[in-house]
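Since the model is a prediction, treat every value here as computed from it, not as a measurement. All values below were derived from every heavy atom in this structure, side-chain atoms included, with hydrogens, water molecules and symmetry-related copies excluded.
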Amino acid sequence: LISVDVGRLDAQTVFCVFKVNAQKDFFAKKLVDIIVLQDKHFEEQAIELKRTIEAFSAKEVIVDGTGIGVGLLDFMIKDNIDEMGNFYPAIGVINDDDYLKKQPRGCRKLLYVIKLNPKLNSEIHSITFAELMSGKIRFLIREQEAKAKLLATKAGSKLPPEKRIAALMPYEMTTRLIDEMCNLRAKRDTTGIALERINGRMGKDKFSAFEYGIWRIKALEEDHFRNLRDRNKRSPLSMIFYTPRRWVNFVRTKRSWAVC
């Protein structure tokens, strides 16, 4: 799953890439990459996002559809050709009525659009901090540790500088994300929870992309386990597991086939 915080002109656009695995009672979430784009036109951003979708075989992409995020979405639902002549087909929206009407029929639909407002912002902040405190989110190791491990290997020590930088970039971006988290302070306002930066010169683009992803994964997690519970209740076998204890004991004494 990929989550995107969209920037324009001198602002950064950030992609957070998550690997999500369903466990018995929850979804395990691991942040595996952070990609930062600087000074890129919306069409260039769309091409980079489509490349990232292909590279990670993404199942869903979350994009903020308020404000400038619309610019990126407009190019995502179009076919694109990069400077090398490579073709990238349109990728459509799952949940927005306007885009469902104007995007190409039959296109692959991966984009989930969120429309931010103060109430939703508060919900996203609350869920993100709860998930962080639960320990269900895993991060890459810090860049210093990754660099030491890379240089300790024979192959890593022989990498040319540009390849070494590329290999360590996800770890560097993870370190910067954690720095952004440490620079944020939660406060109460009329809508619930808001965040303010302690150092106003430090951005929070990486954290915004990160928390959009966590919020969406949590929603998918709740839907998944709700559907499992509903499916179990509808199953004929569910009578074995959901009957009152006295009835189960009675059935056991009669050696009923239903207990087997």
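- A distance of 15.0 Å separates OH of Tyr212 from CZ of Arg216, quoted to the nearest 0.5 Å.
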Exercise for the section: For the pair Phe56 and Val32, evaluate side chain to side chain contact (heavy atoms under 4.5 Å, CB included) and give the outcome as yes or no after the intermediate values. Expected result: CA-CA 10 Å; Phe56 289 95; Val32 297; 4.2 Å; yes
Problem - Worked check of side chain to side chain contact (heavy atoms under 4.5 Å, CB included) between Ile62 and Leu1 - result: CA-CA 8 Å; Ile62 296 85; Leu1 181 142; 3.4 Å; yes
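- Judged purely by atom type and a 3.5 angstrom limit, Thr175 uses its side chain to pair as donor or acceptor with the backbone of Glu143.
- Other residues, nucleotides and ligands place more than 12 heavy atoms under 6.0 Å from the OH atom of Tyr99.
- Although no hydrogens or angles enter the test, the distance criterion places a donor-acceptor pair under 3.5 Å between the side chain of Asp79 and the main chain of Ala90.
- Lys136 NZ to Asp25 CG: the interatomic distance, rounded to the nearest 0.5 Å, is 8.0 Å.
- Counted within 6.0 Å of NZ on Lys147, heavy atoms from surrounding residues, nucleotides or ligands total 12 or fewer; the atom is thus considered open.
- For the residue pair His125 and Ala194, the shortest heavy atom distance occurs at CD2-CA, 4.1 Å.
- Under a hydrophobic clustering in which Ile, Leu, Val, Met, Phe, Trp and Tyr are joined whenever their side-chain heavy atoms come within less than 4.5 Å, directly or via other members, Phe15 and Leu140 fall into different clusters.
- Distance alone, capped at 3.5 Å, is enough to place a donor-acceptor pair between the Ser3 side chain and the Ala209 backbone.
- The cluster map of Ile, Leu, Val, Met, Phe, Trp and Tyr, joined by side-chain heavy atoms under 4.5 Å apart, puts Val61 and Leu31 in different clusters.
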Practice task
In sequence, state the C-alpha distance, the side-chain angles, and the governing distance for Leu177 and Ile34, and then conclude on side chain to side chain contact (heavy atoms under 4.5 Å, CB included).
Solution key: CA-CA 9 Å; Leu177 166 65; Ile34 301 174; 3.9 Å; yes
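- Here the side chains of Ile81 and Asn86 are not in contact, with every heavy-atom distance at 4.5 Å or above.
- You'll find the side chain of Ile124 reaches within 4.5 Å of the side chain of Leu116, heavy atoms only.
- With Lys187 contributing its side chain and Glu196 its backbone, the two residues share no donor-acceptor pair below 3.5 Å.
- For NZ of Lys102, the number of neighbouring non-hydrogen atoms (other residues, nucleotides, ligands) closer than 6.0 Å is greater than 12.
- Panel note: side chain Asn21, backbone Phe27; no donor-acceptor pair is recorded below 3.5 Å.
- At least one side-chain heavy atom of Gln12 sits under 4.5 Å from a side-chain heavy atom of Lys206.
- Counting heavy atoms from C-beta outward, Val93 and Met76 have side chains that stay 4.5 Å or more apart.
- Under the 4.5 Å side-chain contact rule for hydrophobic residues, Ile214 and Ile2 do not share a cluster.
- Hydrophobic clustering (ILVMFWY, side-chain heavy atoms < 4.5 Å, transitive): Met169 and Leu159 are in distinct clusters.
- In this structure, CG in Leu73 is found 11.0 Å from CG in Asp98, a value given to the nearest 0.5 Å.
- A donor and an acceptor atom, one from each side chain of Tyr88 and Asp82, are located under 3.5 Å apart.
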Problem - Verdict with reasoning, Asn95 to Val113, per side chain to side chain contact (heavy atoms under 4.5 Å, CB included) - result: CA-CA 7 Å; Asn95 64 320; Val113 180; 3.9 Å; yes
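- Asn80 and Ala46 make their closest contact through OD1-CB, 4.3 Å (heavy atoms, listed as atom of the first residue, atom of the second, distance).
- Ionic pairing of Glu221 and Lys29 is present here: one or more N-O contacts between side-chain nitrogen and carboxylate oxygen are shorter than 4.0 angstrom.
- Within 6.0 Å of CZ in Arg51 there are more than 12 heavy atoms belonging to other residues, nucleotides or ligands.
- Taking CD of Glu211 as the reference point, atom CD1 of Ile127 lies at 10.0 Å (rounded to 0.5 Å).
- Side-chain contact, Lys204 with Asn183: no donor N or O sits under 3.5 Å from an acceptor N or O.
- Residues Gln103 and Lys109 meet the side-chain proximity criterion, which asks for heavy atoms closer than 4.5 Å.
- Taking the side chain as every heavy atom from C-beta outward, Leu195 and Arg185 never approach each other to under 4.5 Å.
- Each of Glu44, Gln38, Lys40, Gln45 was checked for a side chain to side chain donor-acceptor pair (under 3.5 Å) with Thr13, and the lone residue meeting it is Gln45.
- Atom CE of Met202 and atom CZ of Phe207 lie 13.5 Å apart (nearest 0.5 Å).
- Looking at Ser122, its side chain never comes within 3.5 Å of a backbone N or O of Pro118 through a donor-acceptor pair.
- Look at Glu123 and Lys119 and you find no salt bridge, because none of the NZ, NE, NH1 or NH2 atoms lies under 4.0 Å from a carboxylate O.
- Shown here is Arg108, whose CZ atom has no more than 12 heavy atoms of other residues, nucleotides or ligands within 6.0 Å.
- Between Lys149 and Glu145 there is a salt bridge, since a side-chain N of the basic residue sits under 4.0 Å from a carboxylate O of the acidic one.
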Exercise for the section: Check the pair Phe139, Phe210 against ring-ring contact (aromatic ring centres under 6.0 Å, His included), reporting the backbone distance first and the verdict last. Expected result: CA-CA 11 Å; Phe139 297 88; Phe210 170 79; 5.6 Å; yes
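- A donor-acceptor pair shorter than 3.5 Å cannot be found between the side chains of Asp96 and Tyr112.
- At a threshold of 4.5 Å between non-hydrogen side-chain atoms, the residues Ile91 and Ile53 count as touching.
- Judged by distance alone, with hydrogens and angles left aside, the side-chain atoms of Glu131 form no donor-acceptor pair with the main-chain N or O of Lys218 at under 3.5 Å.
- Ion pairing between Arg226 and Asp223 holds under the 4.0 Å rule for side-chain N and carboxylate O.
- Taking OG1 of Thr153 as the start and NZ of Lys158 as the end, the distance is 10.5 Å to the nearest 0.5 Å.
- Arg142 is listed as a side-chain neighbour of Ile178, based on a closest heavy-atom distance under 4.5 Å.
- A single hydrophobic cluster is not seen to contain both Val14 and Val70; linkage of ILVMFWY side chains at heavy-atom distances under 4.5 Å, directly or through other members, places them apart.
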